Amino acid sequence: MLILFLLLFPLLGAALLGAWRGANPRVAGWMSVLWSAVPILALKAAALGYDPGVPLAQWHLAWMPMAGMDLRFEADGLSLVFLMLTAFVTPFALAVAARVGNGGRAFGALALILQAMLFGVFTARHFIPWFLCWELTLIPAWLLIRLWGGPGAPKAGARFFIVTLAGSIAMLIGFLAIQLVAGTMDFDALADMAKDGQLAEAFSESPGGSMALLWVAAGIFLGLAVKVPLVPLHAWLPGAYAEAPSPVTMLLTGLLSKMGVYGFLRIMLPVFPDFLHDRAPWLGGLALVTIVYGALAALAATDLKRILAYSSVNHLGYCMLALFTAAVPGAGESAISAAISGAVLQAFNHGVIASTLFAGVAFLEARSGGLRNLNDFGGIRSRTPVLCGLMGIALFASLGLPGLAGFPGEFLIFLGVFGIRPVFAAIAALGLLFTAVFVVRLVKQVFNGPLTPAHAAIRDLDNGERAILAPAVLVIIAIGVLPQIVLHWSNPWTVWITDFLQLIP
Amino acid sequence: MNLLWTILAPFAAALLVFLAPPRFAKWLALAACALAMAAAANACLVRLQDFDAALWSFDRNWIEAFGIRFHLEADGISLVLILLTGIVAVAGVLCSWNVEKRQRAFFAFYLVIIGASSGVFLSRDAFLLFAFYEMVIVPKYFLIAIWGSEDREYGAMKLTMYSIAGSALVLLGLAVAFGASGTGSFDLLDLASVQYPPALQTWLFPVMFLGFAVLAGMWPLHTWAPTGHVAAPTAASMLLAGIVMKLGAYGALRVAMPLFPEGFALWRGVIAGLALVGIVYAAFVALGRRDLKFVIGYSSVSHMGFVLLGLAMANLWGLRGAVLQMVSHGLIAGLLFAVVGRLLYDRTHNRDLDALSGFDLGRTLPGAAVVFTLACAASMGLPGFSGFAAELSVILGVWQSDPWLLAPLAAGILATGAFTLRALQRSFFLKPASDAPPPDALPPLTPAEIAGVLLLLAGTLAIGLYPGPWMALIDDGLGSPLFDALLGGPLP
Amino acid sequence: MTPLLTQLAPESALVLTALAAIGLGFKRRPENTSNSAPTLWLALCGIVAAGILLWWTGGENAGTPEAMVSTNALSRLFQGIVLALGFVGIAIPPAPGEVRHPGEFHALLLFALCGLLLVAGTSDVLMLFVALEMASLSLYLLAGFSRTAKASEAALKYFLFGAVSAAFFLFGLSLVYGFAGSTSLTVIGDQAAAGKLPLFAAAGLVMVLVGVGFKLAAAPFHFWAPDVYEGANATTVGMVSAATKAAALCALFKILVVGFGGVMGSSDWGAFQVGWAPMVAALAVVSMGVGNFLALAQKSVRRLLAYSAVANTGYLLVGFAGGADGALAALYYVVVYALGTVGAIAVVAAVERDRGSDAMDSFVGLWKRTPGQALALLVCLASLAGIPPVAGFFGKFAVFTAALLGSSGTAWLVAFAVAMSAMSLYYYLAVLKQVFVRTSTTDENLHAAPLPVSHRLAIALPAVALVLLGLFPSLLLQPIGEAVVQFLNGLS
């Protein structure tokens, strides 16, 4: 029931908004905020009775019975982390949108569709429903970028769409090969097959041979890596993040990029451990490049949104690093467990922190008349202490300051990576240094220093805006202090995957 | 309900429209098409409940001297395709609600195409099938030539000559097959039961297949499709892309391939190659076109490439995918043409992608924008829509037979995504220049349009979200002994 | 009554009616001489009477096959068909004032019809020649009857070509007689079956073919056709194109299948054997090519129909390339063809009455002026083009299929025929385009003068017959098949 509720309730809201002709955009906007926040309650209620042994919720429908294709959804602890994130960030972004004037019927409806599809992605356990929801996020996301974005939005949106689509096709073709060879596309069934080597065996007996499995895994890897993104595949990201209106960027970075991370956790690790296993050094290197490149590019950028976009690349690089390192052959149990926990936590944290940062940028843009270059501002802290304070918390959280959300995640990641590949940890630490540099530069350039005359009359956040940012900041602080509130959801899964990875020869 | 109605009702209505006042013509057409659709839907449901029951059939002596029988039979493939015909027909009538000029003749020609198409899908006698197949040509010509837009006479004539040329090849194939079979019967099962000499199959199969493939829009014989679509009135475009192109693919599947399995085995590589070229080529041409109908016309060619590719794979998944793609493309193409021809062109009188931004359609025609977005999503093959289930099946078929074809295929799918996206954003979501005058208010969507469009949309979503029953029906059809030689034995 | 009188009762009825018509013409007052209605109806009554007599006296075979006039199922059937076609042809009234002496006019038509009846009824080459000339001489006169410059030119051309071909025919017959020692086709057939023809007899066969080819308007003996079709009055054209063709084809059937069945040879690709089959195939190819390509360029509908007649002769001859089975199909198709052409000629005559010209432009807006005529023209031309559900579709299909029965070696010929047939749709559609698609701007075009009843009959009957035969080809195919079987059995 929970699954159906999560899938259909936002869609119902979208339909209502669509049908509600002549609605006042403000009313419609706030209605969408409330509507998209309802799943938080449902999830919270479900989480209260959460028993690690049994799935939170499940639902399935025979889709193409002759091929055993099912629309199978099942939510477990790992899903819950990402579901919570979705349930939280969507109303957050919608509230910001309503506040800065992007909101309205169409915006709300599209965001609600996006939310429903994300819920689907995070609960689907069979490739078909997972891919269905994965692909259907494209259209609303593209429209959100396209319709409310800046002058470069058409191009950025199209690039976002096409690159993602290319990755999707690679995944689709890969999974269809699995269907033919293994006879199923169910993630759990495939994980079982992978565990005792049946999958590799089936492929080696198929006409394509073992090479086919390699290609298939590579295709799926590609599709997921585009979404995260890993570095050579990130070209769509800065443009899309920068050109999209800030509330949409919140959704893009807070949620859509998590689809990729989740895909790695849910599919890549359990189904293709060998693939990750065999290429662990290379993949780890790729993640390191992502981390360092993201940080350096953020350093070089001057557009606030581009800086934050690259910083997203950088932060998700840590997730990927933890993931890839966890698959290194012969890793110890505690290290794997730490790395995986860190990756999950980092994904959640990044979702919250990055969306908070973009929300801050949105409010800043609303005040500066759209200006958002690093050099357009200076010293506004004296005029807008609350905005700068809240943004500052988020920025330092992203830097990994202890006591804030970023810290436990990155700490666990470093702990895990260091236990397995100390060199990687060392290089990643270098990336951390660059991160610190660009965060500090941002704070210095925008908030501190002499006040630019253009912004002498800039207003601070009003109560409404404070109310919008407050929950996010609270979450950041809460997780910084008590990371267990997220980790206790995902722990059962982490234990399972740790055992699983250790069993891989 | 008797399936004979799917043929009789449209034909009868085609005559009856001339007896009633012109303004009743559309109601009569709607009633006939709805009846046909209901009969088909009912038959599908009945079949789904019991696959072991005897097939509906209607078998009468017709032309004894040539062993020709009036033999209709409804297996699963026929059923899904007549259901498609019914749905597109109803939607087409609803999207022709505004036809003012010579209404009676319009709907008469329209209904003849519907009835004849249902006839093709139900026929089990090769001659009967061919007769229905040919019956479509002339009404199609008039529909386009009389009610079309620019260059209509040229577009109509080109389409007609391509069609008749294809028919000529089919006719030749049938005549030679009949002579060579020595069975004295035109029944498809009888004709297919004969082992034709390999030398004959080698040249006769491509002749016949090509004949059917012309209508299916196979590259490089596809050029009638874009020009025909551009010239055609909305309903004719919908029929053309939605049903008529399927006739060709269906003929290839039902007649050409089962009759000459060895010839098919010999040529299937070539067919697959041409299909792939078609998919990729059409997608890239569509990327560069400005006329929206042209773009959609090419997208039809590209999508029909999937059907041909599925057929060429000659395995269960390929054939399943081909049939499902026929249905899927029928609905999606119908939908696209309904939006572009009826919702958009009839209001703006403009199909130029560069000029449409002046109308700011995303704002002035939000309903159409939503529908077109969904239609484009379906056309791209996004999951949840019918195109996904069909393309997935075709890809499975390709994986099984010729995996190396997947690389160009992937490029084709990607290019399809690209041109569809381009068409979508240029048509509806381009902001007008800031100094442009505010766009005129456009008339809102009418109930008939909305009903027609929703019907097609519901169809494509029904397949996309729940393809199980459709696939079961298709499997039922593929279980016919006709396909044994193709599939290497009866289905389990 | 003596047996001979019983056998010749229909012919006698026609001759008596013709005499009565002349008498009626003499009795008319001078100011009324141009009113053709009374003699026309008299002639029609005579034909009906002849038909009744034919039916009455039919059933029994009378006379041995060697006799000059022998009654058998085939000749009875074809006499009936010729009478029916003659009825339709004569029912087209000459335009007011076109014919000065209607009594003589209709008498000549009846004489021509009488000759054609004898052509269909005999199996004796001498009688065949006499009968053909009886018909031809009347037709030469009729072609020039209206005394315009064009009519005179037509008549002269017709006469000159006809006379030359008659000479060929007669000389050829004399050579054949020299070979067989008899004028009876059965005897000739027995002789020819024995072995190879001597050279002179072969030359005789060629000459006979030339002679019949002329009557059938087979290229390259077709040069008279366009001028006659264009210049002569419509009644005569109806007679020349329909009844004459049917009778001549019946004669050709007897000559080739009965008289020279043993020296058929083969026109199979790569396996040519000397005989009449390769010659007929060559004639067919040339006729189809010339007819179809020249028809493409015509602006006058009459000339277009003339070239279509040449082309259709080609299709008919294709049937003969398939031997007796194919010839049977050709006998069926000639009836269908004749109906289509005579119906089209009747509509052309009606349009000429109204517009004064048979140019394409005159047909613009016919659909608005007189929907009935437009519909009849649609049926007739669709039949000629071979579009279902009208009869021409199955007719062509039967001819092409039958030509391939037994051997697929003639596939090259059928392929060419099918291609040409497909192409022909272009020019038929060009006419129909004027009728249905183009609209004239002036209002005066909206009304047409009412037609005489007989003219309406001439327009409606073929159309109705074509639809009926299209839906139920067995109505005619069955009797022809049985008659041919009986006839051939009667010989052996």
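Proteins come first, then strands; the chains are lettered A, B, ... in the order of their sequence lines, and each starts at number 1. All figures in this text were calculated on a predicted structure; none of them were measured in a lab.
Contacts between B/Leu174 and chain C at a heavy-atom distance below 4.5 Å involve the side chain alone, from C-beta outward. For chain C, no part of B/Tyr162 is nearby; none of its heavy atoms comes within less than 4.5 Å. Heavy atoms of B/Phe130 lying under 4.5 Å from chain C belong to its backbone as well as its side chain. Contact of B/Ala105 with chain C is made through the side chain alone, with heavy-atom distances under 4.5 Å.
Rounding to the nearest 0.5 Å places CG of C/Leu425 at 9.5 Å from OG of B/Ser167. The distance from atom CD1 of B/Ile63 to atom CD of C/Gln478, rounded to the nearest 0.5 Å, is 10.0 Å. Summarising the geometry, atom CH2 belonging to C/Trp367 is positioned 8.5 Å from atom CD1 belonging to B/Ile146; distances are rounded to the nearest 0.5 Å.
With sequence neighbours excluded, the residues satisfying ring-ring contact (aromatic ring centres under 6.0 Å, His included) with B/Phe66 are C/Phe394.
Listed options C/Leu378, C/Leu475, C/Leu471 were ranked by heavy-atom pairs under 4.5 angstrom with chain B; first place goes to C/Leu471. Ranked by heavy-atom pairs under 4.5 Å with chain B, the list C/Phe400, C/Phe472, C/Phe397 is led by C/Phe397. Ranked by heavy-atom pairs under 4.5 Å with chain B, the list C/Gly481, C/Ala398, C/Ala419 is led by C/Ala398. Note: B/Glu153 leads B/Glu153, B/Met161, B/Arg152, B/Glu64 in heavy-atom pairs under 4.5 Å with chain C.
In this structure the side chain of B/Leu171 never reaches within 4.5 angstrom of the side chain of C/Val414, judged on heavy atoms.
The 12-atom threshold is not exceeded at OH of B/Tyr154, counting heavy atoms of other residues, nucleotides or ligands nearer than 6.0 Å. Within a 6.0 Å radius of CZ in B/Phe18, more than 12 heavy atoms belonging to other residues, nucleotides or ligands are found.
Panel note: side chain B/Trp62, backbone C/Pro473; no donor-acceptor pair is recorded below 3.5 Å.
Residues of residues 134-142 of chain B that come within less than 4.5 angstrom of chain C, heavy atom to heavy atom, are B/Glu134, B/Met135, B/Ile137, B/Val138, B/Tyr141, B/Phe142 in numerical order. Proximity to chain B at a heavy-atom threshold of 4.5 Å picks out C/Leu429, C/Ala430, C/Leu432, C/Lys433, C/Phe436, C/Val437 from residues 429-437 of chain C, in numerical order.
Annotation: side-chain hydrogen bond (donor to acceptor under 3.5 Å, both in side chains) contacts involving residues 409-431 of chain C, sequence neighbours excluded, comprise C/Asn292-C/Tyr427, C/Ser308-C/Tyr428, C/Lys396-C/Ser421.
When all heavy atoms of B/Val176 and C/Ala411 are compared, the closest pair comes out as CG2-CB, 4.1 Å. Looking at every heavy atom in both residues, B/Ala65 comes nearest to C/Leu477 through CB-CD2, 3.5 Å.
When ring centroids are compared, B/Phe127 and C/Phe393 come within the 6.0 Å threshold.
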